[in-house]
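Here the structure is laid out as structure tokens; the discussion comes afterwards.
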Amino acid sequence: MSETPNLAYVILSLVPQVGKKTLENLLQKFGTPEKVFEQSIDDLKKVQGVGQKTAYRIASVDQVQIALQIQKWQENGVRIITRNSSEYPSSLAGLEDAPLTLFVHGNLDLTTIPKSVAIVGTRNATQKSLDIAHKLGAFYAQAGYSVVSGLALGIDTAAHQGALSSPATPPIAVLGGGVLNIYPPQNRPLAEKIAQHGALISENAPDATAAASRLVIRNRIIAGLCQHVIVVESAINGGAMHAARAAIKQGRTLYTLDLPVSGNQELIKQGTNILDPQNLHLPLPNTSTE
């Protein structure tokens, strides 16, 4: 049975610009999330990291309205896991920019995933890369890995579909919008299958719309949930490169394929491990984080 989250904590975590460090500073100063909401704008501004705009946002929060919204989300099958909960995945807890709250659609216990691999790449992939992503998803799922990706069109979709074609282990999709507001809409049927067999995860409010900034920052969660990250195909300025950078920063093992695209070639120049597209069934990487 899921833990009951602290409503004030969840509400505070939804305030724009309140991240891990700012929340820690607020709690250190005022003690509890409930106490934070009792403060004046002037008192809030005395906390490091809290400027005029953030102080105003905190002070003007309609807690009753948001609490009602949280209840509706839960009635629609959303689990809410705060960073101080025992249900919070340990692989994320240690991140410098760990999400304060996770909204989860699906019954997967995020603390029981033995090993996982992220498979990411461009939305505008070649058919060859799509086939590779699908094969990788199926192979790793059958081998006992939870396959993690971002539900985007292209490589992400192919990897998710591959994982679902061999559902030995639960797949995970990390969204750039809310888990009840699926983006892209074309992937709603796919999202439903993932929620049924695994989980949809987001740090955004469940009804939030996807935005470019949210699609970028969710990559740290994709990498953070995994021991290994595979960039199948990406341009040098592609979204998957954010996942690659997050993997390097977090000490995850990073792989790419030797394909004639700028992102892959840049990663190879940086010393990234190479997977041979002609021999996908390689010995599985060691599960320990390097």
Side-chain angles (χ1 to χ4, degrees), residues 2 77-79 81 86-93 95 99 102-121 129-152 154-175 179 182 187-202 218-232 240 243 246-247 250-257 273 275 279-290:
S2 296
V78 176
R79 286 186 293 136
I81 302 173
S86 63
E87 297 180 86
Y88 195 91
S90 59
S91 59
L92 294 181
L95 299 184
L102 295 173
F103 298 93
V104 181
H105 194 202
N107 295 318
L108 177 62
D109 182 347
L110 299 178
T111 66
T112 62
I113 304 169
K115 49 189 179 179
S116 52
V117 56
I119 303 174
V120 297
S129 293
L130 293 174
D131 292 342
I132 290 171
H134 189 279
K135 290 177 182 177
L136 283 170
F139 172 59
Y140 281 102
Q142 189 172 17
Y145 280 71
S146 280
V147 173
V148 182
S149 200
L151 201 72
I155 295 297
D156 292 24
T157 294
H160 285 309
Q161 290 173 335
L164 287 167
S165 72
S166 182
T169 48
I172 298 172
V174 182
L175 309 187
V179 296
I182 300 302
N187 272 351
R188 283 175 186 156
L190 178 60
E192 290 173 2
K193 290 181 181 178
I194 293 172
Q196 180 180 356
H197 295 283
L200 306 175
I201 300 175
S202 178
R218 58 87 186 264
N219 283 289
R220 80 191 195 286
I221 303 176
I222 292 175
L225 287 169
C226 301
Q227 291 85 35
H228 314 283
V229 176
I230 301 173
V231 176
V232 176
Q250 296 169 10
R252 281 28 176 179
T253 310
L254 180 62
Y255 297 84
T256 193
L257 290 94
N273 300 291
L275 286 180
N279 183 22
L280 296 178
H281 288 209
L282 300 174
L284 292 174
N286 189 297
T287 59
S288 62
T289 300
E290 298 179 4

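We use all heavy atoms of the structure for the numbers below, so side chains are in, but hydrogens, waters and symmetry mates are not.
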Out of curiosity, Ser149 OG to Gln161 CD, how far, rounded to the nearest 0.5 Å?
-> 11.0 Å

Separation of Ile172 CD1 from Leu225 CG (nearest 0.5 Å) | 5.5 Å

Which pair of non-hydrogen atoms, one from Leu95 and one from Gly224, has the smallest distance, and what is that distance?
-> CD1-CA, 4.2 Å

pair Ile155-Val120: side-chain heavy atoms closer than 4.5 Å | no

Tightest non-hydrogen contact, residues Glu87 and Arg79, listed as OE1-NH1, 3.8 Å

Polar side-chain atom of Arg252 near backbone of Val117 as donor-acceptor pair, under 3.5 Å = no

OG (Ser166) and NE2 (His134) are apart, to the nearest 0.5 Å, by 10.0 Å

From His197 atom NE2 to Leu108 atom CG, the distance as rounded to the nearest 0.5 Å = 12.5 Å

Main-chain N/O of Val231 paired to Thr256 side chain as donor or acceptor, under 3.5 Å | yes

Spacing of CD belonging to Gln250 relative to CD belonging to Gln227, to within rounding of 0.5 Å = 12.0 Å

Partner of Cys226 under side-chain contact (heavy atoms from CB on, under 4.5 Å), picked from Ile221, Thr253, Val148, is Val148

Minimum heavy-atom separation for Ala133 to Val232, with atom names?
-> CB-CG2, 4.3 Å

Can you tell which of Thr111, Leu110, Leu102 makes a side-chain contact (heavy atoms from CB on, under 4.5 Å) with Tyr88?
-> Leu102

Please work out which of the three classes, parallel, tilted or perpendicular, describes the rings of Tyr145 and Tyr140, given edges at 30° and 60°.
-> perpendicular

Heavy-atom pair with the smallest gap, counting every atom of Leu175 and Gly150 = CD2-O, 4.4 Å

Over all heavy atoms of both residues, which pair between Ala223 and Ala246 is shortest? Give the atoms and the distance, please.
-> CB-CB, 3.9 Å

List the atom of Ala191, the atom of Leu151, and the distance in Å for their closest heavy-atom pair.
-> CB-CD2, 4.0 Å

Could you tell me whether the side chain of Lys193 reaches within less than 4.5 Å of the side chain of His160, counting heavy atoms only?
-> no

For the atom pair CD1 (Ile222) and CG (Asp156), what is the distance rounded to the nearest 0.5 Å?
-> 6.5 Å

Donor-acceptor contact below 3.5 Å, side chain Asn273 vs main chain Leu254 = yes

